[in-house]
Amino acid sequence: MKKIIIANWKMNPTTPRAALRLMGKVARGLRGIKNVEVILAPPFVFLPILRHTPYAIRHMFKLGAQDVFYEREGAFTGEVAPPQLKASGARMVVIGHSERRAMGETDDAVNKKIKAVLESGMRAVLCVGEKERKASEVFPKVVREELLGGIRKIKKSLLANFIIAYEPVWAISSNARGKADTPKNVYEMAILIRRELYRALGKRAASKIPVLYGGSVDEKNAAEFVAKGAIDGLLVGGASLNAKKFVSLVKAVDKIK
Ligand code: PEP
C-alpha cells in the first residue's frame, strides 16, 4: 500500500497566487513519485482555485480540507458543509486537529463531523494526541477518549475511508517548545492505537485503518518515522509550506522499500 502524506497548510499562504505557486513547485519537484500518495489541505477558499490547475499538476495530488461542519445545508453562518467541500474538489477532511480542539471543538462535534464526511464519500482523518507526556501513562487517557469519542457509532461499512493521525500536541512545531516525538515512541503509540481500534471495531475493520504521525516532521526525520514508527504515513504542517523541504521529505519516504 502507498504511504500517505498530508500537507496541512493551515491558514497559509496569504494569496491565491502564492497557493498556486507553492502547489506548482511541489508538483514539479515530485514528478515520478511512486510510493506515496500526497494530499494537499489548503484553506477552504483555495480549493476551487487549486483544483483548476493544469491537468498534469492537478492529477498528482488529491485535495483535502482542514475542517468541516456536520450539517448538509442551512442556517449555519460561517460553516462549510461536506457536499460543498466535495464540490470544491476536496476528497479528504482533517477533523479534530488540536488547534481546533483548543478553540473548543468537542469529541461529540468531531464524531458528527467524521460521520458526515464519511457519509458524503470523502476520507476522514481523525486527529488524536495528548497535550503533555506523563511518564506514568503508557497509553494517554485523552488519546483513548478522543479515539473512542471520534469513532462512536460509525457504521463499519464506512470505515474504508477512515484514517487516524496521532499528533501529540507538544510535538507540533507551532507550539513554543514543539519538538518531534521519537520513532520508538511513535511505534509504541501506533501499536496501542491499533489495539484500541481492534477492541472497538474488530480486527477486520480496524486492520484497514491507516495510522499516520504528525508533529515537527521535516525532510531530515520523515523517513525514519515511516521506516521505524509502524505508521502508514505522515501529517505535515510547517514543513509543507516550504516547497523544497516538502519535496525532499516526500522523496525520502518514497525511497523506503
Ligand atoms: C500539524 O499541526 O498538524 C502539524 C503536524 O504541524 P507541524 O508539522 O508544523 O508540527
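Indexing begins at 1, ligand by ligand and atom by atom, following the structure's order. If you read the sequence from its start, that first residue is 1, and numbering goes on from there.
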Looking at ligand 1, does any of its N/O atoms fall within less than 3.5 Å of an N/O of G237?
yes
Quick check against the 3.5 Å criterion: does Y166 have a side-chain atom that pairs as donor or acceptor with the backbone of P168?
no
Within the distance-only criterion (no hydrogens, no angle test), does the side chain of N35 pair as donor or acceptor with the backbone N or O of K2 below 3.5 angstrom?
no
Could you check whether any side-chain N or O of K62 sits under 3.5 Å from a backbone N or O of M92, counting only pairs where one atom can act as donor and the other as acceptor?
no
Do any heavy atoms of A239 fall under 4.0 Å from ligand 1?
no
Nearest non-hydrogen protein atom to atom 5 (C) of ligand 1, with distance, is E167 OE2, 3.0 Å
Listed by chain and number, what are the salt bridge (Lys or Arg N to Asp or Glu O under 4.0 Å) partners of K208, not counting sequence neighbours?
none
S216: numbered ligand 1 atoms lying under 4.0 Å from its heavy atoms
7 (P), 8 (O), 10 (O)
Considering distance alone, does some N or O of V236 sit under 3.5 Å from an N or O of ligand 1?
no
For atom 9 (O) of ligand 1, which protein heavy atom lies nearest, and how many Å away is it?
S173 OG, 2.4 Å
Would a distance-only check, ignoring hydrogens and angles, find a side-chain to backbone donor-acceptor pair under 3.5 Å from Q84 to A81?
yes
Donor-acceptor under 3.5 Å (E137 side chain, K141 main chain):
yes
Can you name the atoms of ligand 1, numbered from 1 with element, that are less than 4.0 Å from a heavy atom of G215?
5 (C), 10 (O)
Numbered in order shown, the ligand 1 atoms found under 4.0 Å of a heavy atom of G238 are 7 (P), 8 (O), 9 (O)
For N12 and W9, indicate whether the former's side chain and the latter's backbone hold a donor-acceptor pair under 3.5 Å.
yes
Is there a donor-acceptor pair under 3.5 Å between the side chain of N175 and the backbone N or O of R177?
no
Side chain or backbone of N8 under 4.0 Å from ligand 1, or both, or neither, by non-hydrogen atoms?
side chain
Tell me, which protein residue and heavy-atom name are nearest atom 1 (C) of ligand 1, and how many Å apart are they?
H97 NE2, 3.2 Å
Protein contact of atom 2 (O) of ligand 1 - nearest heavy atom, named by residue and atom, plus distance
K10 NZ, 2.5 Å
